[in-house]
Structure formats: structure tokens, C-alpha cells
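Working notes for the structure below.
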Number of protein chains: 4
Amino acid sequence: MNKKREVHASVKDERLVMKRRDQMIRGAVALFKKKGFHRTTTREIASAAGFSIGTLYEYIRTKEDILYLVCDSIYDQVRDRLQGMDTSQGTLESLRLGIAYYFKIMDEMQDEVLVMYQEVKSLTKDALPYVLKKELEMVGMFETLIMRCQENGELDIDSHHVHMLAHNIFVQGQMWGFRRWALRKQWTIEEYISIQTDLLFSGIKGYKTTVGTGGER
Amino acid sequence: MNKKREVHASVKDERLVMKRRDQMIRGAVALFKKKGFHRTTTREIASAAGFSIGTLYEYIRTKEDILYLVCDSIYDQVRDRLQGMDTSQGTLESLRLGIAYYFKIMDEMQDEVLVMYQEVKSLTKDALPYVLKKELEMVGMFETLIMRCQENGELDIDSHHVHMLAHNIFVQGQMWGFRRWALRKQWTIEEYISIQTDLLFSGIKGYKTTVGTGGER
Amino acid sequence: MNKKREVHASVKDERLVMKRRDQMIRGAVALFKKKGFHRTTTREIASAAGFSIGTLYEYIRTKEDILYLVCDSIYDQVRDRLQGMDTSQGTLESLRLGIAYYFKIMDEMQDEVLVMYQEVKSLTKDALPYVLKKELEMVGMFETLIMRCQENGELDIDSHHVHMLAHNIFVQGQMWGFRRWALRKQWTIEEYISIQTDLLFSGIKGYKTTVGTGGER
Amino acid sequence: MNKKREVHASVKDERLVMKRRDQMIRGAVALFKKKGFHRTTTREIASAAGFSIGTLYEYIRTKEDILYLVCDSIYDQVRDRLQGMDTSQGTLESLRLGIAYYFKIMDEMQDEVLVMYQEVKSLTKDALPYVLKKELEMVGMFETLIMRCQENGELDIDSHHVHMLAHNIFVQGQMWGFRRWALRKQWTIEEYISIQTDLLFSGIKGYKTTVGTGGER
DNA sequence: GATGAATGAGTCTTCATTCAT
DNA sequence: CATGAATGAAGACTCATTCAT
């Protein structure tokens, strides 16, 4: 179901492939963060990974493969950590905690998120969908979280709004990463979480609107 | 005050410089949108602009100058159009209209916003501040809009929150551009405006909270 | 009719393109002769041609283009010189002179012929036909020469044999080039011409055979 | 006398060396035929031979060794089969049969001959003589065949011409291989043999000439 | 003896930039 | 001012060869 886009490796030993790719990804993330994908050379990546250019190419076919591997891996990490979120409760408190949890992850993975965020668009047209799907899956997790609250009667929110809310939460998490230059000057991650949660929740709290193109109340 | 970073041109005729740069920017935006800054060559830009590579370099010094010119120009356009916003009223309704207005601009300038959004990070460290400052200016416009409401008593919102709210609005505008792939499938710009406004306003409406890690009050 | 396979050049000036390509071909032939196509680098070709690697690529797209250009040019030279052959007479003497003329050309163009002979097979599948067609054209010239004699009653030869004879003549010309290592030790070009002509003619002279698999008289 | 150029093998077991090299040569011929020596990688050869790249290098020292081994082996095969020719008779008929026999071999070994033909020139200067010597040996076999006829009085041919005739026969055999693209369209191997024999023999039959640049007698 | 992962020199090709006309 | 030919540094990728297991 979660069909991955396979990246060809000449080396057969699966365990070795995983190990080397891990080294590679670590090195690449550091470099991409500093100079971006295009300004980073494959040689630099190889040497940051601790092996030769020849070895690098035993584990990938093209430079773009590295980018895909990097993005894919970051998404996986984020998603995996997100799985730790308690999605079963269906209480406002658990939603709040979920958001805080996610924002914290985004804070801890700042570099990775920034890199991924800035470089996904460099992915080839054929790799992009795989990554985008993962993003939607994550948005979906927040959607579930919110709907669970609604089913539980803890929340009264137009169903059209649920999806948007999930998107907003997701983007606000990323925003902490990609607008660091502005946000970090004013707030700590704790403050950011607190304020954003307030802003989000004070609205969710049962305010009713008439849906439609442009009007409420 | 608005010290611009000057881009050197060999040509003296100011009017001509502006004309040529305009052609150049138009061509570059189209190309950057399709292939990104790094995958676009200076020759392509020159030819899209309608002149030779030699001529191109009469009006810029390096390829990065073009990127700066492009970003700068897009920000200027957005800001100029944003000036049309009525910021004096200080009513919730005018805030709402302001947001709708801004989102509409973002929709109309989709391509430009997308380009700018994806490529600012490619700007050299010395050009970035100039562009970032413009972004903050725009955020500032929303801040003013919101504070005007508060001064008017139309809004009761923690002053810490005002700045964040302004950022959120700004990002949500961009979001319509850079998350097109997901959002466009579900909503028209009108729906997007309506829903986001609802979500924003229903929260602004005076909800007070005590919960939170780094809570206030 | 003689549709050439176009090799793309970035430079527009047709005269310049011809001049540069000529330099390029000269340099390439010398190098190919010494080291073969595959062992010659594009840099070497550029520098043998008297310009930089960047300039080289203004006049071709890939290294294979050079090979095609080289082969094509050599064939053209041979064919052009071959046009000087008097094909109208239809006498045995003129046939003899034609052969001598061709063998002399092969001798003078030794290097080129050797190169071409050894490297055509490296041409890409799409370039090969263009070159092969030229070879057949030249074979055709000998065929004409022979048939003219027959029409004139100077020669009595089975029409099946005419084509083969033309091929043989053509190959024997090349043979002087590609078997230099053996032939040169024993004969001068004049001797080679004389002996081969004898061998050829003593057979043409009206000997009759019953066609079929293996038997005559 | 037939000093072979030794190719170093790390493996001691002579029988194994021969077996492995045989596998190697078979694989290499198939690949060289399709892509040529230079475009074939050692890995491909190893895998076509059925073993690993590491193993390959246990039986050779450099890639060129493979080429030498391949050429050497092909020449050996041709020569071995040529030994089957009856060289003792000294009759025109046996000469004719010898030629037919040789052409048939060339037909059956088309691929090998083509490969060898196209790639000998890639042999290093130090390997070439060994291979060329074999070629001359084969030419020598035809020379013997012809001279036997002359001694027998079956043939009256200038002794200068004998050597050339032998060369011609040899080249015409190869020609059936390397000009397949043109010849196969028109003749079967039987027809080719028949016509070439006719052409050859009708000339040998005692024609005397005085004309020619470097004429004899 | 066999394996295949590691190596890095070497190759083709691109492209920003210059400068003579 | 405009042009476009020339330049060469730099980058992606390959592949023959080695060597530890």
C-alpha cells in the first residue's frame, strides 16, 4: 500500500545499504541545510558521509536520488515520531497535547524540516508524489485527532473546517521551522506553542458560522 | 529609509535600465516557475527577455542579481497592491476585508508568490535581509490592522497574540500559493478565504485561556 | 536528396561553423589515428583544434558528433576526389585508370581512411546509415564504370558479377590502407596498383562461367 | 616457435584457468559484438561469464588482456579449422575447395570474425604483433596452396602475384563478415563463394599483361 | 579460490561570465 | 548599446582495479 519509490543500489547487502544510506542522508542534510541541494556537490556529500565518490554511487544512481532519500527519510522520521501521539482519547486536552507534541518535534527537527521544506520542490516530477502523499497522511492524522473530538462531543465544528484546521496546524508546525528568522527573535518554542494553541482553540470553542462563499454569522 | 541594495548596470540610461530589467524579470519569473532558479540558465533568461546574453550582462553583474531583482520586484508588487488596503477604519469588518483582499492578491499572483517563496532561500546572505525586511513590513501592515481594531475596542486580544496573528495571516496567504497542490483540490479561493476567516475570527472573538506550557495570564 | 544528418551548433555564423569544424576534424583525425576514438578525450580534440573545450561544445553536442563529422567529412573528401574520375569513356583503359586513380586516393588519404575504417562501427545506430549510404554510392561509381565498358562491348561479364567486382575494387582500395602493416613491406602503391589490376583484369577479359553454387565450366 | 604472449593468472590450477578463460571469452565475444570493446565493462564480462568481478581478475591482469585473449582465441579457432584444408593436392580443384572451405568458416564464425576485425586495432602495441603474426600464417596457408598448384603446372602465375592473391583471398573471406550489411542483402554465402571464385579463377587462368605503372615482364 | 564493496582518477558536458567587434 | 563567440572552472557520473573477508 505504501509503495515506496525504489532507489537502485548496486550493493546487494540490504543491511549495508541501509547503513550507508543513513550516513549519506546525515551528511547530506547537514550540507543541504548550509548550502542547499544545488550548491552541494556529490563529492561533498560522499565525503561528509565518510566515503568516496565511487562508493556513494554504489548506493544511488543520480544526485536527485539523494534528495529523494533525504526528503523521504525526514518525512518518515516525522511521521514515525508523530505515531507516538495519543489519538484515541478524543478530548480537547489530547488535541492540545498532540499539537504541542508535533510542534516540539518540528522544533527538534528544525534542520531537517527546513531542508525538506526548501528542497522538495527540487524533486523530479516522478518523486514528488511519493513525498506529497506522506504529507497528506500527516495532515490526515490531525484530521483524525480533531474528528475524534467532535465525535466525542468535545468540539462543535463545521466538518468543512476540520480539514482546513488540520492543514493549518500542520503548516504552523512547519512555520516554526521555516520562519525561524522572524519567530525565534520573539518567542521560545514553548511560547510559540502556547500562543498558537490559544489562537487556535479560542476559535474552536464552539463559535458558529454560516458557511458559504464569503459570509459568516 | 528603504535603502535598496543597488544592482550595478553598465548602461547609464536609467529609463532603459528599468525597461530592460522589467523584460528580464518577466522572463525570469516564467522560467523560475517552471524550472526553478538553479535549473534556469542565464541564456534562457536573456532569450526569454528578448535580448542577447551579452545585453543581459549590461544590466546585471551576476546571475544572483537576477534572483534578487525578481524577488525584490515581486515583494514590491505585493506590497504596492497591499497599500490599497483600508487600514484606517479599525473595524472587524475592515480587518476581514483586508484579509480577503490580501488572499485575493496571493491568488492572482500565484506564480510570482510561488517562485519567490521557493527561491528566496537561494539569495546570497547579503541580499536576503533586504527581502526579509519587506516581508516584515507586510506582516507589520496586518499588525497595524489588528491593533487598530483593538484600540477601537472591537477586539480583545492579548498584545502578545497580535504579532503572531499577523504572522499567521501572512503565512496563510502564502500557503494558498505554496500548498496549491493540496488546497486547490478542495476549495476555491473564495471558499478558502471564507473558511480561514471563520477559523481566524471565531478565535479572535475574545476567548481567554489559562492552559498551556508557557501560558500567559 | 542527400539528406545530411545535421549536427547542432550553438554558433549561428555558418562560415565560422564550417571553419571551426574543419579545425576540429583535422585535429580529431590526427588523434583518432594515433589513439582511436575512445582513447581520445574531448579536451584533446579541442586543444588539437586550437581552441578550448567550451568552444568545442559550441559546435557539437556530444563526442559522437565529432566522430560522425569526421567520418562524414572523410567520405565526402574521397567521394569528391572520386568525382574527378572519367566515367564516360567506357573503355577498359579508362576502367584501369579509374582503379589506379582510386587506389592513389586511398594511398594519399591513408590516415583518414584508416581512421574511418576503424571507427565507423563506433557510430551510433542513427548515424551509421548516412555514412553507409555514401559507401554504397562509391561502390556504385565503380559499378557504373564497369557497366559502361560492358555496354560498349569492351567487356563480357555476367551482370551478377559486376556488383561484386565493384565491391572488390572498393575493398581492395581500402585494404591498401588497413593492411598497410603487411602490404607496405612488400609493395609500393604503384606495384600494388599494377598487380591488383593485373589480377583483376586477367579475369575480366572475357572468361565465361556457368553461374551456380561453386562450379564453372 | 609460436611464442604466445602469456597472460598472468593468480590461480594456479591450469585446467581451471582454461575453463574460466573459456567462459570469459564466450561472454566477451557476445558483448563485444553488441557494444564493442570500449563500451563493454569488465563487470559485464564477468557476469556474462558467470562469475564475479573479483574472480575475473584472478584470471587476467587488465581489461586489455581480455581483448587479447579474445582475439587470440578467435584466430586460433580459425586457424585450427583451416588446418582441415587439404593443402597437399596442388590441383586447381583443391584450391577452389580450399577457398570455399575458408569462406564457409568465415560465414559460420561471422560474429567472432566481426569482433576480431573491429577490435584488433584496440590491442596494445605489445599484443598486436602476436595476433598479426597469426594472420600472416593464415595468408601463408593460401600462398602454399597456390604455389603447390603452380609447382604442379596447374597454374601459370607470376610469383609476385601469388602473395597478393593470397592476401586477396584472405581479405575476401573477412569481407563477407565485415561487409555483411551490404553483401548479405544480395547474396547467400554459396553465391558469394561461387561468384568470388569465378572472378578469382577466370583471372588466374593464365592471362598475361604488360600494361601498368610498375608492371612486370 | 571466490566474492563484491570500496576506491578515485578520469571523462564528458554545462554554463556563468567576459570582451572584441 | 548590443551582440554572440570564447573561455575554463566545476560538476555529475563511470569504471577498471584492489583487497579484506
Side-chain angles (χ1 to χ4, degrees), chain A residues 9-13 16-17 19-20 38-47 50-66, chain B residues 9-13 16-17 20 38-47 50-66, chain C residues 9-13 16-17 20 38-47 50-64 66, chain D residues 9-13 16-17 20 38-47 50-66:
Chain A
S10 304
V11 172
K12 293 296 167 63
D13 184 341
L16 191 55
V17 170
K19 181 180 156 202
R20 292 281 180 258
H38 285 103
R39 288 194 230 270
T40 302
T41 69
T42 51
R43 288 193 126 78
E44 287 171 321
I45 296 171
S47 105
F51 37 71
S52 72
I53 183 68
T55 300
L56 181 73
Y57 275 89
E58 291 282 307
Y59 297 92
I60 51 150
R61 257 222 246 281
T62 69
K63 191 186 176 191
E64 304 237 311
D65 281 345
I66 306 177
Chain B
S10 307
V11 173
K12 300 297 167 208
D13 183 339
L16 190 54
V17 171
R20 291 279 182 258
H38 284 104
R39 291 194 228 270
T40 301
T41 69
T42 51
R43 293 184 119 83
E44 287 171 320
I45 296 170
S47 113
F51 38 72
S52 73
I53 183 67
T55 302
L56 182 74
Y57 274 86
E58 293 285 313
Y59 298 92
I60 52 150
R61 255 224 246 281
T62 72
K63 191 187 175 191
E64 305 239 311
D65 282 347
I66 305 176
Chain C
S10 303
V11 172
K12 293 298 167 63
D13 184 339
L16 190 55
V17 170
R20 293 280 180 258
H38 285 104
R39 290 194 229 270
T40 302
T41 68
T42 52
R43 289 194 124 77
E44 286 171 321
I45 296 170
S47 106
F51 37 70
S52 72
I53 182 67
T55 301
L56 180 74
Y57 275 89
E58 291 283 306
Y59 297 92
I60 51 150
R61 257 221 248 280
T62 69
K63 191 187 175 190
E64 306 238 310
I66 305 177
Chain D
S10 307
V11 173
K12 300 296 168 210
D13 182 341
L16 191 52
V17 170
R20 292 279 181 257
H38 283 104
R39 290 194 229 270
T40 301
T41 68
T42 50
R43 295 184 117 83
E44 286 171 321
I45 296 170
S47 112
F51 38 72
S52 73
I53 181 67
T55 301
L56 181 75
Y57 274 86
E58 293 286 313
Y59 298 92
I60 52 151
R61 256 223 245 282
T62 71
K63 190 188 176 190
E64 306 239 311
D65 282 346
I66 305 176

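Chain identifiers are assigned alphabetically (A, B, ...) following the order of the sequence lines, protein sequences preceding nucleic acid strands; residue numbering begins at 1 within each chain.
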For D:Ser10, answer base if it contacts any base atom (sugar-phosphate contacts may also be present), sugar-phosphate if it contacts only those atoms, and nothing otherwise; contact means non-hydrogen atoms under 4.0 Å. nothing
Whole-Å distance, B:Lys12 NZ to F:dA2 P, equals 13 Å
Find out whether C:Tyr57 and C:Thr62 are in side-chain contact, i.e. whether some heavy atom of one side chain is under 4.5 Å from a heavy atom of the other. no
Measure NE2/B:His38 against P/E:dA16 and give the value in whole Å, please. 10 Å
For B:Tyr57 and F:dA5, what is the distance between atoms OH and P respectively, to the nearest whole Å? 17 Å
For C:Thr41, what residues pass the side-chain contact (heavy atoms from CB on, under 4.5 Å) criterion, not counting sequence neighbours? C:Arg43, C:Glu44
Shortest non-hydrogen contact from B:Glu64 toward A:Arg39: OE2-NH1, 3.0 Å
So which atom in D:Leu56 and which in D:Ala46 form the shortest heavy-atom distance, rounded to 0.1 Å? CB-CB, 4.0 Å
Give the rounded distance in Å between these two atoms: CD1 of C:Ile66 and C1' of E:dT11. 13 Å
With sequence neighbours left out, the residues meeting side-chain contact (heavy atoms from CB on, under 4.5 Å) with A:Arg61 are A:His8, A:Asp65
Could you run through nucleotides 6-11 of chain F and give me one letter per nucleotide, 5' to 3': B if any protein heavy atom sits under 4.0 Å from the base, S if only the sugar-phosphate is that close, - if neither? BBBBBS
Contiguous Watson-Crick or G-U pair runs (3 or more, under 3.5 Å) in DNA chain E: E:2-21 with F:2-21
Please identify each residue that fulfils side-chain contact (heavy atoms from CB on, under 4.5 Å) with A:Thr55, with sequence neighbours left out. A:Phe51, A:Ser52, A:Tyr59
Set of residues satisfying side-chain contact (heavy atoms from CB on, under 4.5 Å) with respect to B:Glu58, sequence neighbours excluded: B:Ser10, B:Val11
Roughly how far, to the nearest 0.5 Å, is the CD1 atom of A:Ile45 from the CD1 atom of A:Ile66? 4.0 Å
